[in-house]
> 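Here you go, one structure.
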Protein chains: 2
Amino acid sequence: MAKETIAGLAKRLGISKASVSYALNGQPGVSEVTRRRVLDLAEELEWYPSSSARALSRSRSGAVGMVLSADPDLIGTEPYYMGLLAGIETALAEGDMALMLRMVGTDPAQERATYERWAGERKVDGVLMFDHLHEDPRPALLDRLGLPFVLHGAPERHGPALFSGTTTDHAVDSATIVDHLHLRGHRRIAHVSGPHRFLHEEQRIACVRRSAAAHGMAVVTREGNYALAAGHDAVVSLLGDTAEDGVTAVILGNDLMSMGALLALRELGLRCPEDVAIVSWDDSLHCQLASPSVTALSRNPVMQGRVAAELLLSLLDAGTLQTRAMPASDLVARSSTGS
Amino acid sequence: MAKETIAGLAKRLGISKASVSYALNGQPGVSEVTRRRVLDLAEELEWYPSSSARALSRSRSGAVGMVLSADPDLIGTEPYYMGLLAGIETALAEGDMALMLRMVGTDPAQERATYERWAGERKVDGVLMFDHLHEDPRPALLDRLGLPFVLHGAPERHGPALFSGTTTDHAVDSATIVDHLHLRGHRRIAHVSGPHRFLHEEQRIACVRRSAAAHGMAVVTREGNYALAAGHDAVVSLLGDTAEDGVTAVILGNDLMSMGALLALRELGLRCPEDVAIVSWDDSLHCQLASPSVTALSRNPVMQGRVAAELLLSLLDAGTLQTRAMPASDLVARSSTGS
DNA sequence: TGTCATACCTGAACCGGTTCAGTAGTCCTA
DNA sequence: TAGGACTACTGAACCGGTTCAGGTATGACA
């Protein structure tokens, strides 16, 4: 079947292309009876607007882009991103926007090159980004490129927003975790964070310190990279032969490192939660299924993705910069803290 | 900065748009010195072709689409798809194609509506699909819509291919699993498959039966839906109070159901692998981390995604229908079968 | 009756590329 | 020296929408 076009519809109805366009887009300039005739014919012939023609004349691509940077072989292990993606996609679909996905390696230059290309080719109308970095070059880059964006996990700021983004109150989340441990009698805890280059990890570290200090608790910190082995190694270094300080609880930056921590405890002959308690800063099926099951902060990635996408949509069609605070996360108490 | 266009380049160089276009696309019709001048200027001005203009005039969108149908809240639990996605995306990027992702619920009508829309709007040049269904309406639909596609997990066919796709030799995979169990002394096994509406599940059931029969082993089958609870419930029904037959090993259709099976065994007070062995038809971190760790068929989703995407690329630019057989999967022997 | 506002509609330009048909100039060959 | 082949280039049409400036017809009002 040959594709119908606006010109085709116009010819069949004996009217001009312009009228057909006005009718189809609900714009004034056509009578109700003409509009109906156009709409009926369009439906009958299964006419759809050509997305590229529309993109060209409207200078809007109708798509937003998202770059996932991670080792392709490890990407499947992060359920958090899949959840985000699901939330993002449902919100975008409601706003009639398509999602363009790109996966690149861990080299940050690739992510930036992708943005440059997208902007140059006008392939996406906006971009969703994650994880604010220390001295993050990306906001300035995107501003220079004229690409609207939303940063999921933006720093909290007082005063007017510099860009759209979602924020998380790390102080509340930290207090939730630390209080939980304090209540269970822990006085010396460890915090194995993700990489320090992520701003939110720095903030978490500071907030955990503050919350602990308020209870008179001591904190040791280690830097991990979110991989299983990092959690494992950190725990070995904290609690193995060379350890001197009596750490009785470990907070780990994500679910994978928490799993690594459990493995390490088993190797070291330490019982969980009797000897050492474990808390994960990210919930997932892994935390539920592990034995012992792991107490975790539940962050609801689907909802977060949805909110981030909604921010982007409103930025795109109203130009309103805004930040939105994520609701505080709930702690799901499980066996690893003796609950 | 105002966007540069081909017309702008042409004006600056004092030549025609046509020459600029030829020069930029490596087409004949311009002298080498002109080509260089165009290329140099384009680089200097950071010119990129407008994707929508190009799409319009070439009648090619430069994107391929993929619909993931699943409950948004459960999508994160299937690492297999994330791996596929990663493989697909890297292959597409090499072929300079963008990936358009759409997530819909479990209603198959939504998937079909998406294809209709994509075809009507000419938003994608082709589509990647998964999981051949019983009497699958999708190939016929896509043919009618004129949308090229690749079906990952197509039925094996003798004779010319009706469409492009990847195939898996379920007989080999089944034999791998069944032989492994036979070798360990199991004579009565259970097979908890995924939903029968998937063709590959039917084939797996038949192949397991055949492999088992060859060894004189008996097989009981149950149908699951890939969810944790399904694996749990199936095992309870197979091995709980009401069970009569002495099943000593259970094959589960994916990693989640395998985890459910482990939970059920624990509840029933059965030891794994001493009382009952478990094999998962899909490997993942869950299988590695479970205790006992679960013997699983490793399917390498990243590679599979890559192959599927390559098939689509060659279909799009050469029109060659082809099917490609996936290499046989390896069985990763772990504790759940006493390895 | 003339003037004006309004509703409805149209031709043409435009978005930014690709591509076809045609022109001029050069060189080779008979 | 005419003819043909080839190279380098150009103007214009085209892809399929959107949108602007204008053109009629109609009715309201003075």
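Reckoned from all heavy atoms, side chains included, excluding hydrogens, waters and symmetry mates. Every chain is numbered from 1 and lettered A, B, ... according to where its sequence line falls, protein lines coming before strand lines.
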> Toward the 5' end of DNA chain D, which comes first, S57(B) or R35(B), by nearest nucleotide?
R35(B)
> Need two values: the first and the last nucleotide of DNA chain D, 5' to 3', having an atom under 4.0 Å from any heavy-atom of chain A.
dG16(D) to dC20(D)
> Any ion pair linking E310(A) and R306(A) (charged N to carboxylate O, less than 4.0 Å)?
yes
> If you measure from OG1 on T323(B) to CD on E156(B), what distance do you get to the nearest 0.5 Å?
8.5 Å
> Under 4.0 Å, counting only non-hydrogen atoms across every strand here, what does S52(B) touch: a base, just sugar-phosphate, or nothing?
nothing
> Can a donor-acceptor pair be found, under 3.5 Å and without considering hydrogens, that links the side chain of E89(A) to the backbone of M103(B)?
yes
> Counting distance only, does the side-chain N/O of T166(A) pair as donor-acceptor with the main-chain N or O of G153(A) below 3.5 Å?
yes
> Want to settle it: does G29(B) or S50(A) sit nearer the 5' end of DNA chain D, counting the closest nucleotide to each?
G29(B)
> Using atom types as modelled and distance alone, determine if a side-chain donor or acceptor of N25(B) lies under 3.5 Å from a backbone N or O of Q27(B).
no
> Hey, which sits more toward the 5' end of DNA chain C by its nearest nucleotide, T5(B) or G14(A)?
G14(A)
> Is S31(A) close enough to dC9(C) that one of its side-chain N or O atoms is under 4.0 Å from OP1 or OP2 there?
yes
> How many whole angstroms separate atom NZ of K17(B) from atom P of dA21(C)?
18 Å
> Starting from the C-alpha separation in whole Å, work towards a yes-or-no answer on side chain to side chain contact (heavy atoms under 4.5 Å, CB included) for V20(A) and L41(A).
CA-CA 10 Å; V20(A) 175; L41(A) 183 63; over 6 Å; no
